[in-house]
Participant: 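Here it is, the structure in full.
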Amino acid sequence: MGICMDKDLQTSPLPFPHPPENVKAANGSAHPHHNGLNGSLTPHGQISSNGMSTEELIKNFQPPEVPVIFVLGGPGSGKITHCEQMTREKTSFVHISMADIMNTMLKGTDLKDSHVIPTRQMTATLLASIKSKPRAEGFVISGYPRNMRDTSEYLELVGRVDGVILLNWHLNTLERQIEYGAQLGEVELAAAKVELGNFKKHVIPVAEFFDHKQMLHLVTGDRKPDLVYTDFEKVFHKIVESDNRITRKSLKSAGSYQEYKSQPQPTPAQTQELPATSTPALTTSHVVWVIGGPGSNKYSRVVEVMKSHPTWGVLHTGKLFWDYLEKVVKDDEDDETEDKQNNNNENIEIGRTLTEMLKRGDFVPHTVVIDMLKAAIKKEGDKDGFIIVGFPRDIVQAQIFQQKFSVSPVALLLDCSELELGRNLGQRRGRVDDNKEAVKRRLQLYREATLPMLKSLDEEDRLRVVDGDKEPLKVIEELREALEAEISSLTNAEDDDDVEGVELTDMMIDDLEKEVEEDETTEARKA
């Protein structure tokens with residue numbers, strides 16, 4: 001996706017939209033339907049609006065029952081201009097410019113960068129602006145959400161989003177605009193590049209999240225302003241007339257186990273006896289499962305934590321699948337003789353079948369998963385223990401593993417909300433299952449198969465939960481603590497067994513020595 005600056009230059013390599021007449025700058029607007037900040041930032045970072053604090057605003061806020069449309073775009077994309085023109089034509093709608101609000105909030109403070117304004121304060125200020133227009137028949141909100149945390153908080157507190165419009169500019173055009181604006185003295189180059197970086201890093205994931213929700217509408221921005229506005233207007237009316245929207249009720253998480261746990265659920269399937277197998281037991285009983293929804297970044301986080309435990313093996317079922325498929329492709333390219341090609345045909349067919357399953361987002365057959373784990377464990381050789389990531393995915397996989405390997409591991413869950421999973425999935429590229437239908441299917445299977453399994457493990461006191469929605473460094477820290485605790489518990493249990501064995505042996509020796517002494521004493525008395 002491309003983006004552009006928020007500086008409406010009238011003389012540039014491309015025609016920029018002209019600002020509407022009589023519209024004032026950041027601290028106010030002459031437009032009757034342009035809503036500025038109805039409050040201010042206090043020295044302690046609290047929003048004050050009509051004497052209400054941030055928390056009071058949030059507590060007393062009633063979500064709107066009218067359409068809410070977000071308009072995203074880089075600085076200079078023309079989002080404010082088009083929103084103003086739209087609300088001039090459709091006077092029952094109110095435009096809330098979050099850029100103007102942020103500038104007003106920063107006035108009278110030492111703060112210079114709007115990104116430092118806390119999410120809670122931004123949300124409360126937006127709610128105050130909505131609340132101040134009770135007769136509005138709809139809201140067009142430009143420049144918001146700034147990031148996924150804004151998105152998460154808004155959806156939690158307000159919930160309603162009818163559609164999201166992204167004014168989409170090509171990246172190279174944006175860069176030319178920044179440089180041209182700097183030459184004219186209209187733009188500070190360093191600041192513009194920072195803002196560009198922030199937009200790409202924080203706002204694009206927001207757009208991709210709503211795209212995953214099928215709520216995003218793209219309007220190509222690097223064209224003549226009247227052409228852009230024509231498309232903008234069409235998309236606006238399409239959103240208003242559509243029944244497709246996000247509400248708090250429809251936002252039941254596909255990812256959060258804590259939310260799932262709090263709701264009444266059918267009893268998970270009970271353990272079934274499986275036929276005996278000849279699978280050898282693990283060389284160690286030290287096994288920990290790490291589970292998380294698709295997009296929880298569980299493998300990369302576990303690898304980071306386990307750097308301090310080089311004698312433990314980290315196995316990731318997803319990585320095993322991809323490595324296997326890559327090997328099949330390579331072997332197919334390298335095999336030249338007829339015999340080798342014939343021998344490789346079966347693997348190629350298996351590879352194709354697995355690839356199609358992954359493209360659809362389906363689970364790989366249990367037997368394939370277990371066989372891959374067996375081979376990987378054997379290849380790793382002697383290890384103090386194993387962290388198995390992305391496994392098990394349902395109750396059957398857990399049962400098969402336990403009965404084949406004679407071990408019942410504890411599971412660590414990286415518990416992420418659907419928002420967090422969507423944000424992370426939106427940033428991934430290059431895998432065959434990184435498509436909308438596969439992602440939707442994987443989330444569905446996680447909800448229907450994995451969450452019930454987690455509940456079963458929880459009831460057996462074999463589940464430890466780490467909050468995956470926190471700041472990335474905090475997630476790593478809590479995951480480290482949880483893994484360290486389990487590793488320590490497993491190691492100490494083995495040490496205790498060793499000590500008990502030694503103590504038992506000593507007791508047996510003492511008993512034998514006493515018996516010998518008693519026998520000798522008895523024999524001496526007889527003599």
Participant: Could you walk me through whether Asp415 and Val466 pass the side-chain contact (heavy atoms from CB on, under 4.5 Å) check?
Facilitator: CA-CA 6 Å; Asp415 193 31; Val466 174; over 6 Å; no
Participant: Could you tell me whether a side-chain N or O of Asp469 sits under 3.5 Å from a main-chain N or O of Ser417, the two making a donor and an acceptor?
Facilitator: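 Yes; judged by distance alone, with no hydrogens or angles, the pair exists.
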Participant: Does a side chain donor of either Gln183 or Glu179 reach within less than 3.5 Å of an acceptor in the other side chain?
Facilitator: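 No - no donor-acceptor pair under 3.5 Å links their side chains.
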Participant: Going by salt bridge (Lys or Arg N to Asp or Glu O under 4.0 Å), name the residues that satisfy it together with Asp362, two or more places apart in sequence or in a different chain.
Facilitator: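 For Asp362, the residues satisfying salt bridge (Lys or Arg N to Asp or Glu O under 4.0 Å) (neighbours in sequence not counted) are Arg360, Arg441.
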Participant: Do any N or O atoms from the side chain of Tyr154 and from the backbone of Arg160 form a donor-acceptor pair under 3.5 angstrom?
Facilitator: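 Yes; at least one donor-acceptor contact below 3.5 Å.
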Participant: Short question: side chain of Lys79, backbone of Gly73 - any donor-acceptor pair under 3.5 Å?
Facilitator: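 Such a contact is found between Lys79 side chain and Gly73 backbone.
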Participant: Looking only at heavy atoms, which two atoms of Val475 and Lys470 are closest? And how far apart?
Facilitator: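 Looks like CG2-O, 3.5 Å.
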Participant: Closest heavy-atom contact between Cys83 and Val71?
Facilitator: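 Smallest heavy-atom distance, with atoms named: SG-CG2, 3.6 Å.
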Participant: Which heavy atom of Val66 sits nearest a heavy atom of Ala136, and at what distance?
Facilitator: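 The answer is CG1-O, 3.7 Å.
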Participant: Would Phe93 and Phe139 count as a close aromatic pair, with their ring centres under 6.0 Å?
Facilitator: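 Aromatic pair excluded; centres sit 6.0 Å or further apart.
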Participant: Would you call Asp231 and Arg223 a salt bridge, taking side-chain N to carboxylate O under 4.0 Å as the test?
Facilitator: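 Yes.
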Participant: For Val68 and Pro64, work out which heavy atoms get closest and say how close.
Facilitator: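 Minimum heavy-atom separation between Val68 and Pro64: CG2-CG, 3.9 Å.
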Participant: Give a yes or no answer on whether the side chain of Thr91 reaches the backbone of Arg88 with a donor-acceptor pair at less than 3.5 Å.
Facilitator: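 No; zero donor-acceptor contacts below 3.5 Å.
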Participant: I'd like to know if the side chain of Lys298 and the backbone of Ile291 have a donor-acceptor N/O pair within less than 3.5 Å.
Facilitator: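 Checking the backbone N and O of Ile291 against the side chain of Lys298, no donor-acceptor pair under 3.5 Å is found.
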Participant: At what distance, to the nearest 0.5 angstrom, does CG of Leu126 lie from CG of Asp150?
Facilitator: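 Atom-to-atom, Leu126:CG and Asp150:CG are 9.0 Å apart.
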Participant: Which one of Val302, Val303, Thr317 satisfies the side-chain contact (heavy atoms from CB on, under 4.5 Å) criterion with Val389?
Facilitator: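 Filter result, single survivor: Val302.
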Participant: So which heavy atom on Gly78 is nearest to which on Leu167, and how close?
Facilitator: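 Looks like C-CD1, 3.9 Å.
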Participant: Check whether any side-chain N or O of Ser152 sits under 3.5 Å from a backbone N or O of Met148 as a donor-acceptor pair, and report yes or no.
Facilitator: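 Absent.
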Participant: Where does the angle between the aromatic ring planes of Phe70 and Tyr144 fall among parallel (under 30°), tilted (30 to 60°) and perpendicular (over 60°)?
Facilitator: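 Rings of Phe70 and Tyr144: perpendicular, over 60°.
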Participant: Just by modelled atom types, is the Gln397 backbone N or O under 3.5 Å from a matching donor or acceptor in the Asp394 side chain?
Facilitator: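 Yes: the side chain of Asp394 pairs with the backbone of Gln397.
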Participant: Is it the case that the side chain of Thr173 and the backbone of Asp222 share a donor-acceptor pair, with hydrogens and angles ignored and the cut-off at 3.5 Å?
Facilitator: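 Not at all, since once roles are kept as given, no pair shorter than 3.5 Å links the two residues.
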Participant: Verify whether one side chain among Asn168 and Thr220 offers a donor that lies under 3.5 Å from an acceptor in the other.
Facilitator: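 The answer is no; no qualifying pair exists.
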Participant: Which pair of non-hydrogen atoms, one from Leu445 and one from Gly361, has the smallest distance, and what is that distance?
Facilitator: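 In terms of heavy atoms, the two residues are closest at CD1-O, 3.4 Å.
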Participant: Are any side-chain N or O atoms of Ser129 and backbone N or O atoms of Thr125, one a donor and one an acceptor, separated by less than 3.5 Å?
Facilitator: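 Such a contact is found between Ser129 side chain and Thr125 backbone.
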Participant: Under the 3.5 angstrom rule, does the side chain of Arg301 hit a backbone N or O of Ser296 as a donor-acceptor pair?
Facilitator: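 Yes, because the side chain of Arg301 sits within donor-acceptor range (under 3.5 Å) of the backbone of Ser296.
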Participant: Could you walk me through whether Leu72 and Val206 pass side-chain contact (heavy atoms from CB on, under 4.5 Å), step by step?
Facilitator: CA-CA 9 Å; Leu72 305 177; Val206 173; 4.2 Å; yes
Participant: Using the side-chain contact (heavy atoms from CB on, under 4.5 Å) rule, take Lys455 and Leu451 through it: C-alpha gap first, then chi angles, then the decisive distance, then the call.
Facilitator: CA-CA 6 Å; Lys455 187 174 183 180; Leu451 292 180; over 6 Å; no
Participant: Could you point out which residue of His82, Glu89, Lys234 forms a side-chain hydrogen bond (donor to acceptor under 3.5 Å, both in side chains) with Tyr229?
Facilitator: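 Of the listed residues His82, Glu89, Lys234, the side-chain hydrogen bond (donor to acceptor under 3.5 Å, both in side chains) partner of Tyr229 is Glu89.
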Participant: For the CD atom of Glu153 and the OG1 atom of Thr123, what is their distance to the nearest 0.5 Å?
Facilitator: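 The CD atom of Glu153 sits 4.0 Å away from the OG1 atom of Thr123.
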Participant: Is there a side-chain contact (heavy atoms from CB on, under 4.5 Å) between Val94 and Val140? Walk through the geometry before answering.
Facilitator: CA-CA 6 Å; Val94 170; Val140 184; over 6 Å; no
